[in-house]
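In the text below, chain A, chain B and the rest are named by the order of the sequence lines, each starting its count at 1.
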Protein chains: 2
Amino acid sequence: MSKRITIKQIAQALHVSISTVSKALNDSYEISDETKKKIQEYAKLHKYKPNTLALSLQNKKTKTIGIIIPNILTYYFARVLRGIEKVATEKGYNIITCITNESYKKEVDTMQMLSNGTIDGFIACMSEETLKLQKFDHFHDILEEGTPIVLYDRTHQDINCDKVVTDTVKSAYKATRFLMKSGCKNIALVSVSEGLNVSEFSAKGYRKALKKYDFPINENLIIRQHDETNLKERIIKMLDTNKVDGIFTVDEISGAITIQALDAKNIKIPEEVSIIGFTNGMISRYSTPPLTSVNRFAHTTGETAAARLINKIEEKIDFEDIKTEIIKTKLVERESTKKLFIKF
Amino acid sequence: MSKRITIKQIAQALHVSISTVSKALNDSYEISDETKKKIQEYAKLHKYKPNTLALSLQNKKTKTIGIIIPNILTYYFARVLRGIEKVATEKGYNIITCITNESYKKEVDTMQMLSNGTIDGFIACMSEETLKLQKFDHFHDILEEGTPIVLYDRTHQDINCDKVVTDTVKSAYKATRFLMKSGCKNIALVSVSEGLNVSEFSAKGYRKALKKYDFPINENLIIRQHDETNLKERIIKMLDTNKVDGIFTVDEISGAITIQALDAKNIKIPEEVSIIGFTNGMISRYSTPPLTSVNRFAHTTGETAAARLINKIEEKIDFEDIKTEIIKTKLVERESTKKLFIKF
DNA sequence: GTGAAAGCGCTAACAA
DNA sequence: TTGTTAGCGCTTTCAC
């Protein structure tokens with residue numbers, strides 16, 4: 001267990017001054033090649049690594065960004081994280097990840113804790129609870145300290161910072177229209193994300209599409225709940241008491257359970273009922289049948305957010321220059337809908 | 001944009017010395033109540049937060065741990081992360097997460113980069129490439145510097161540090177036995193994790209069980225590959241040319257694709273073929289039918305690793321006191337196997 | 001009860 | 001070309 005070596009120790013060992021060592025290690029032109037070589041070799045030999053903390057203290061920059069994620073088990077968020085991680089690494093930034101588990105308190109605590117010089121900026125998705133409580137003071141405080149924040153996925157207009165969001169209303173509109181164009185007459189909506197932006201905006205897009213094309217809106221065909229409790233039973237009941245030939249499922253869980261419900265009733269997909277999912281993840285891809293889905297580019301969302309934040313941190317963009325980036329979606333046709341060759 | 005305030009500024013504003021402020025904020029008995037009150041109020045008013053960096057530099061402890069994850073999109077790893085995050089937070093530690101994307105280079109680079117005072121210890125799962133290359137010098141180096149590491153899931157005996165692993169061989173043995181007990185005579189194995197510990201150990205357990213109960217080992221029933229390319233076709237072919245009534249799928253992807261293959265051949269699950277999966281994640285839970293699976297307690301793995309590491313960091317355990325913790329598994333019966341009431 | 005000074009590991013302006 | 005010094009924000013010993 002040979003402790004880490006410091007610049008000071010090198011200086012002592014080599015009988016030179018601390019600053020000489022510092023300069024030599026930074027390959028300064030001020031130092032003679034001979035001395036440089038001597039010092040660098042000694043450093044390498046003893047596996048010298050500069051202390052990041054000391055450097056950060058000095059430059060007032062830590063080269064690390066804080067990521068706030070409501071739930072890492074959600075595939076979408078995991079993909080966003082990956083996108084962030086990718087560009088962060090490319091630009092030499094570390095990320096420090098915090099999972100709030102959808103808790104307001106945890107979110108406030110961690111963000112407070114990190115905004116003390118530990119990080120240069122945040123990429124955050126607020127928790128469900130925060131959204132419900134509509135308490136945004138912690139964001140305001142941090143922003144006021146001059147620490148940049150980029151919000152992704154879930155946002156609110158009261159927070160004046162950069163945002164990266166999905167074009168949910170429009171996507172839901174298109175998904176619904178896709179079902180209509182493939183011949184569905186009675187289109188249901190299933191969601192277990194009640195309370196979140198996704199659910200709300202999806203429902204909006206769904207309604208908009210029906211209205212636009214003069215389809216009646218049947219409230220019995222709209223199932224929106226907060227979690228998956230009894231969802232299967234509810235879907236089966238809906239199927240029992242209504243004519244349904246198309247279902248738009250707003251999240252992966254809804255999609256999976258809808259398949260299970262149809263399977264229980266021995267209804268053929270897509271021959272009798274078509275399903276279109278939203279947020280294209282593992283479940284959609286590996287379900288039987290694989291789900292036609294609206295792909296949200298989570299990875300792009302992460303990349304965009306990270307790029308934006310880093311530009312802010314490095315002052316390539318003015319702090320006051322606020323922007324909301326909208327990430328487009330794309331339909332991935334798989335086997336839960338009838339083949340249809342229109343452009344989406 | 002009101003910049004962050006420092007102890008020095010408080011001192012100047014209140015015409016006291018820096019050390020007085022420091023002590024007052026730390027509620028030292030040395031300072032008079034009056035001064036304390038004055039300083040603390042001023043600090044609160046101006047939202048003073050101590051600079052974590054400076055503190056860390058001082059105590060040589062950062063209260064943050066580095067997490068190395070090969071792939072965050074793998075549900076298992078996401079769950080481990082969550083477990084780690086939970087106990088880290090409880091004990092007042094931050095985590096800094098790095099995703100290696102199964103790259104040796106990325107793993108070495110990030111670990112080198114972080115072991116410069118940024119973190120107090122590592123919880124790491126080595127990348128596939130590292131495992132293949134068998135290059136472990138970066139682990140040795142870091143360990144030698146006195147930085148503790150806890151390895152999880154994928155490990156190697158050449159690395160002398162704490163480990164937290166799953167009891168894979170035994171679990172696979174039991175899974176296979178479960179299929180036998182439920183009446184299966186011709187049990188296949190499907191894996192797309194070739195090259196990883198899981199795949200290897202699972203196969204071992206599978207073989208062991210067959211041998212133990214005098215089932216013949218038919219190499220044609222063993223499909224092990226590195227990724228999912230052509231997997232479905234291969235399974236279908238196996239089904240075409242062999243009698244199979246039970247399948248042990250080593251990972252979630254294998255499980256999902258096996259279901260798709262059986263569906264394509266209109267084979268009923270579990271009436272004609274039973275499936276048992278390993279590593280119980282989203283796909284298994286939400287597939288149609290839901291998969292009977294061997295649950296690996298990822299969350300527990302994360303918690304155990306974090307608890308162990310923090311104990312090491314806080315020197316409640318001696319650095320040299322090395323231990324390998326084995327996390328048990330548990331069978332979750334769902335609908336892809338015939339009901340069977342034995343204890344597993 | 002309060003403050004001056006040293007130091008954590010490093011950089012950078014300035015002196016020699 | 002090399003060294004001295006101050007300072008990043010904070011804690012802590014030791015004087016006063």
Side-chain angles (χ1 to χ4, degrees), chain A residues 3-40 42-43 46-64 113-120 145-147, chain B residues 3-40 42-43 46-64 113-120 145-147:
Chain A
K3 279 265 148 267
R4 233 165 273 133
I5 194 175
T6 72
I7 228 172
K8 194 174 170 186
Q9 291 170 36
I10 299 183
Q12 281 167 347
L14 264 36
H15 304 293
V16 290
S17 80
I18 288 185
S19 56
T20 305
V21 177
S22 171
K23 284 171 192 162
L25 290 174
N26 289 313
D27 215 17
S28 162
Y29 63 94
E30 294 179 47
I31 307 295
S32 73
D33 286 349
E34 196 188 1
T35 321
K36 252 191 220 172
K37 199 177 159 213
K38 187 176 66 179
I39 294 176
Q40 287 172 355
Y42 187 89
H46 291 267
K47 296 193 181 139
Y48 168 78
K49 297 180 222 160
N51 183 317
T52 323
L53 247 37
L55 288 178
S56 300
L57 228 202
Q58 192 84 359
N59 335 307
K60 315 271 232 149
K61 287 277 177 238
T62 62
K63 280 277 203 173
T64 104
M113 150 132 291
L114 291 180
S115 61
N116 303 178
T118 312
I119 51 92
D120 294 341
E145 280 170 2
T147 304
Chain B
K3 276 267 147 262
R4 233 166 275 133
I5 194 176
T6 72
I7 229 174
K8 194 174 169 186
Q9 291 170 36
I10 299 183
Q12 280 167 348
L14 265 36
H15 302 295
V16 290
S17 80
I18 289 183
S19 52
T20 304
V21 177
S22 171
K23 285 171 189 163
L25 291 175
N26 289 314
D27 215 19
S28 162
Y29 65 93
E30 293 179 51
I31 306 295
S32 72
D33 286 350
E34 196 189 1
T35 321
K36 253 191 219 170
K37 197 176 160 213
K38 187 176 69 180
I39 293 176
Q40 287 172 356
Y42 186 90
H46 291 267
K47 295 191 180 140
Y48 168 78
K49 297 181 223 159
N51 183 317
T52 322
L53 246 38
L55 288 178
S56 300
L57 227 201
Q58 193 86 359
N59 335 307
K60 315 273 231 143
K61 287 277 176 238
T62 62
K63 281 275 202 174
T64 103
M113 151 133 291
L114 291 180
S115 61
N116 301 178
T118 312
I119 52 93
D120 294 340
E145 281 169 2
T147 304

d([atom1], [X]; [atom2], [N]) in whole Å:
X	N	atom1	atom2	result
A/Ile5	C/dC8	CD1	P	15 Å
A/Lys8	C/dC8	NZ	C1'	9 Å
B/Gln58	D/dT13	CD	P	10 Å
B/Asp27	D/dT11	CG	C1'	16 Å
A/Ile18	C/dT11	CD1	P	11 Å
B/Asn51	C/dG9	CG	P	17 Å
B/Ile39	C/dT2	CD1	P	8 Å
B/Leu14	C/dT2	CG	C1'	14 Å

Just checking [X]: base, sugar-phosphate only, or nothing, at a heavy-atom cut-off of under 4.0 Å?
X	answer
A/Asn26	sugar-phosphate
A/Ser22	base
A/Ser56	nothing

Under 6.0 Å from the NZ atom of B/Lys61, do we count more than 12 heavy atoms belonging to anything else shown?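 Yes, NZ of B/Lys61 has more than 12 neighbouring heavy atoms, counting only those of other groups under 6.0 Å.
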
Has the side chain of [X] got a donor or acceptor atom that lies under 3.5 Å from a matching backbone atom of [Y]?
X	Y	result
A/Glu30	A/Lys23	no
A/Lys49	B/Gly117	no
B/Ser56	B/Thr52	yes

Does [N] have its OP1 or OP2 closer than 4.0 Å to a side-chain nitrogen or oxygen of [X]?
X	N	answer
A/Tyr29	D/dT2	no
B/Thr6	D/dC8	no
B/Ser17	C/dG3	yes

Ignoring hydrogens and geometry beyond distance, is the side chain of A/Lys23 in donor-acceptor contact with the base of D/dG3 at under 3.5 Å?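 For A/Lys23, whose side chain was compared with the base of D/dG3, there is a donor-acceptor pair (under 3.5 Å).
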
Answer yes or no: side-chain N or O of A/Ser19 and base N or O of D/dT4 forming a donor-acceptor pair under 3.5 Å. yes

If you assign each of B/Leu57 and B/Glu30 to its closest nucleotide in DNA chain D, which residue comes earlier from the 5' end? B/Leu57

With B/Asp120 as partner, the option from B/Thr64, B/Thr147, B/Thr62 fulfilling side-chain hydrogen bond (donor to acceptor under 3.5 Å, both in side chains) is B/Thr62

Which of the following nucleotides, D/dC10, C/dT2, C/dC10, is nearest to the side chain of B/Ser32?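 Among D/dC10, C/dT2, C/dC10, the one nearest the side chain of B/Ser32 is C/dT2.
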
